[in-house]
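Notes follow once the structure below has been shown.
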Amino acid sequence: MKKDIRKAIIAGNWKMNKTRSEAKALIDEIIPLSQNADCQTVVCVPYTNLETAVQAVKGTNIKVGAQNVHFEENGAFTGEISVSMLKEIGVSYVIIGHSERRQYFGETDETVNKRTKTALAGGLIPIVCVGELLWERETGITEEVVSRQIKLAFFGISAADAAKVVIAYEPVWAIGTGKTATSEQAQEACKLIRDRLCTLYGKDIADSITIQYGGSMNAANAAELVAKEDVDGGLIGGASLKATDFGEIIKAASV
Ligand code: 13P
């Protein structure tokens with residue numbers, strides 16, 4: 001991390017876990033662990049927990065995120081949630097283009113771009129996820145895949161708006177598998193992303209953008225990952241569901 005020029009963010013992606021009462025209990029446990037953090041803590045909870053989470057973090061340094069948002073303001077989109085609905089509740093962040101959305105729900109680079117634009121227009125901070133599949137890494141096209149995802153995600157987005165985006169580099173083969181990218185692999189990919197942002201927006205903007213690592217990040221490996229220059233925190237799945245583990249990761253990012 002380079003905290004002097006950008007914000008370190010530790011975000012929990014709870015995925016489809018926790019009922020409302022469980023969410024409240026977990027956040028109550030996280031609050032004291034985040035109290036003296038020298039990084040931004042975010043909890044990205046299921047839609048049904050958003051209101052509970054926003055209430056629970058009031059007066060603390062923790063922010064709340066959603067896990068998806070639709071790209072239209074309103075209309076006939078059964079089952080979808082709009083930016084203004086999230087803003088009204090007090091949500092600050094939204095995960096966009098998570099690999100599980102891409103894999104199971106037909107998310108494409110085009111819809112990622114549309115959602116990112118709509119989130120920015122409505123004042124939500126997008127956490128845009130990119131990352132290669134295992135066979136893409138094995139066939140040596142990681143650079144190509146990630147560069148393409150970045151280029152398409154940012155298509156038509158101004159420099160001023162790009163500066164507000166958070167990126168999560170999540171190699172798909174490391175998600176939920178217990179197989180973490182080495183800190184060198186994470187650094188290499190995050191640096192590649194920053195270089196692409198530099199080409200698109202120039203060095204100052206590229207240097208200011210938070211790029212997280214995600215994929216089996218845990219209490220034991222977080223310190224080594226976030227020590228890398230271009231790894232500005234993490235997007236954490238499994239380990240964000242246990243307060244003590246999540247607290248250790250927050251601590252590692254606060255050094
Ligand atoms: P895990 O930390 O469970 O591997 O999940 C990572 C992730 O998908 C975060 O968005």
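Start at 1 and go down the list; that is how both ligands and their atoms are numbered.
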Please determine if [X] has a nitrogen or oxygen closer than 3.5 Å to a nitrogen or oxygen of ligand 1.
X: L235; answer: no
X: K15; answer: yes
X: I236; answer: no
X: I175; answer: no
X: N13; answer: yes

What atoms of ligand 1 come within less than 4.0 Å of a heavy atom belonging to [X]?
X: G237; answer: 1 (P), 2 (O), 3 (O), 5 (O), 6 (C), 9 (C)
X: E170; answer: 6 (C), 7 (C), 8 (O), 9 (C), 10 (O)
X: G215; answer: 4 (O), 6 (C)
X: G238; answer: 1 (P), 2 (O), 3 (O)
X: H98; answer: 7 (C), 8 (O), 9 (C), 10 (O)

**Request:** Assign the ring pair F77 / H70 to parallel, tilted or perpendicular, where the plane angle (0 to 90°) is split at 30° and 60°.
**Result:** tilted
Side-chain donor-acceptor pair present, [X], [Y], cut-off under 3.5 Å:
X: Y213; Y: Q185; result: no
X: Q103; Y: S99; result: no
X: S34; Y: T41; result: yes
X: Q67; Y: W14; result: no
X: E73; Y: S82; result: no
X: R6; Y: T210; result: no

**Message:** With a 3.5 Å distance limit and no angle check, can you tell me whether N113 reaches the backbone of F155 through a side-chain donor-acceptor pair?
**Reply:**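 Yes; judged by distance alone, with no hydrogens or angles, the pair exists.
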Within the structure, is a non-hydrogen atom of [X] found at a distance of less than 4.0 Å from ligand 1?
X: A239; value: no
X: C44; value: no
X: S216; value: yes

**Prompt:** For residues 148-176, which residue pairs qualify under salt bridge (Lys or Arg N to Asp or Glu O under 4.0 Å), counting only residues two or more places apart or in two chains?
**Reply:**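 Residue pairs with at least one partner in residues 148-176: D109-R148, D161-K164.
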**Request:** Have a look at ligand 1 and work out which part of A174, if any, has a heavy atom under 4.0 Å from it: side chain, backbone, both or neither.
**Result:**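 For A174, only backbone atoms sit under 4.0 Å from ligand 1.
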